Amino acid sequence: MTASSSPMVSAKDMAKKYGDFIALHPLNVEVHPGEFFGVFGPNGAGKSTFIKLLTGQLRPSKGRIEVLGVDAVADPQKVKANIGIVPESESPPSFLTPVEFLEFVARLRGVEDMHAKVEHWLDWFGLQEKRDTMCKDLSKGQRQKVMLASAFIHKPKLLFLDEPFANLDPIYQRKCREWLLDHVAEGGTIFLCSHVLEMAERMCNRMAIINDGKVLAAGTVKGLKRSEEETLEDVFIRLVGRSIEDVERLSDEGVVDDSEE
Ligand code: ADP
């Protein structure tokens, strides 16, 4: 770990309750420059809550959060202005076209050569044909491409991604993966949340596995495995507690249909 550099993200004793419900138990995390850090867990584990706390979209119930050296609890606007965020299943504004939205974001972010950059990202994501279509009339995948383009256009040194590839076809998943890996190789830092373990294997330097708002394990992908043979899926099932034996027991009891096709 790059312990000598000051962290891009630092959360100490960070926790979140919604009413009486504990969505995230107190946890500590640090992400350093040039890291690709991933948080993985099943649906409802607390991943989006985690990312929203770090990006100033939610206030923690307790704890300290610093992002790029800025106190995210006291000054969430400053944090949001300095990072890139692709939130889960969020869409660009319905009544703007891709060109209008990307120009808006580029202007807001002070991107130089705005028109050339917008054209570049429309080409890159294969969106030229839809450039003047209102975003409400785009497919889910096209809307997600517009959101990703709006994050990539200003090459933020710290980028937060929540289930970034959920609606992308494999071709664009690969293109985006390669762009993100290049961005990290050039010194960018990425914090990603997903339930797709393949992304950890292919991209992350370090990862945490969470469930029921608790960090079950954290470390390098290799470090989380007990042996060479153990796959990340094995690790996930072992930690998240839904063991194969449980599934077999449920199937013996007729709860799970395991009939062969
Ligand atoms: P994930 O992203 O891992 O699917 P979330 O962080 O969205 O999980 O949610 C974690 C838990 O917190 C879930 O049980 C969810 O129902 C609950 N939760 C999320 N947002 C709210 C909210 N605004 N009010 C109450 N409960 C919430």
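Whatever order the structure lists ligands and atoms in, that order sets their numbers, starting from 1. This structure is a prediction, so every number in the text was calculated from the model and none was measured.
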S.K.: Looking only at N/O atoms, are Ala23 and ligand 1 under 3.5 Å apart anywhere?
M.R.: no

S.K.: Is any heavy atom of the protein nearer than 4.0 Å to atom 15 (C) of ligand 1?
M.R.: no

S.K.: Salt bridge or not for Lys47 and Asp162, using N-O below 4.0 Å?
M.R.: no

S.K.: Which atoms of ligand 1 are found less than 4.0 Å from any heavy atom of Lys47?
M.R.: 1 (P), 2 (O), 3 (O), 4 (O), 6 (O), 8 (O)

S.K.: Are Gly46 and ligand 1 in contact, using a heavy-atom cut-off of under 4.0 Å?
M.R.: yes

S.K.: Rounded to the nearest 0.5 Å, what separates atom OG1 in Thr49 from atom CD in Gln57?
M.R.: 10.5 Å

S.K.: Below 4.0 angstrom from a heavy atom of Ala45, which ligand 1 atoms are there? Numbered from 1 as shown, please.
M.R.: 1 (P), 3 (O), 8 (O)

S.K.: If you count heavy atoms of other groups shown closer than 6.0 angstrom to CZ of Arg177, is the number above 12?
M.R.: yes

S.K.: Which residue owns the protein heavy atom closest to atom 19 (C) of ligand 1, what's the atom, and how far is it?
M.R.: Tyr18 CE1, 3.4 Å

S.K.: Does atom NZ of Lys225 have more than 12 heavy-atom neighbours, drawn from other residues, nucleotides or ligands, at distances under 6.0 Å?
M.R.: yes

S.K.: For atom 6 (O) of ligand 1, find the nearest protein heavy atom and state the residue, atom name and distance (0.1 Å precision).
M.R.: Thr49 OG1, 2.6 Å

S.K.: Look only at interatomic distance and state if Phe21 has a nitrogen or oxygen under 3.5 Å from any nitrogen or oxygen of ligand 1.
M.R.: no

S.K.: Of the protein's non-hydrogen atoms, which lies at the shortest distance from atom 10 (C) of ligand 1, and what is that distance?
M.R.: Gly44 O, 3.4 Å

S.K.: Between Glu119 and Arg131, does any NZ, NE, NH1 or NH2 come within less than 4.0 Å of an OD or OE carboxylate oxygen?
M.R.: yes

S.K.: Decide if atom CG of Asp212 counts as having more than 12 heavy atoms of other residues, nucleotides or ligands within a radius under 6.0 Å.
M.R.: no

S.K.: Counting both backbone and side chain atoms, is some N or O of Asn43 under 3.5 Å from an N or O of ligand 1?
M.R.: no

S.K.: Do the side chains of Glu230 and Arg238 get close enough for a salt bridge, i.e. N-O under 4.0 angstrom?
M.R.: yes

S.K.: Report, as yes or no, whether the 6.0 Å neighbourhood of atom NZ on Lys78 holds more than 12 heavy atoms from other residues, nucleotides or ligands.
M.R.: no

S.K.: When you measure from atom 7 (O) of ligand 1 to every protein heavy atom, which one gives the shortest distance, and what is it?
M.R.: Ser48 CB, 3.7 Å

S.K.: Any atom of ligand 1 sitting under 4.0 Å from a heavy atom of Pro42?
M.R.: yes

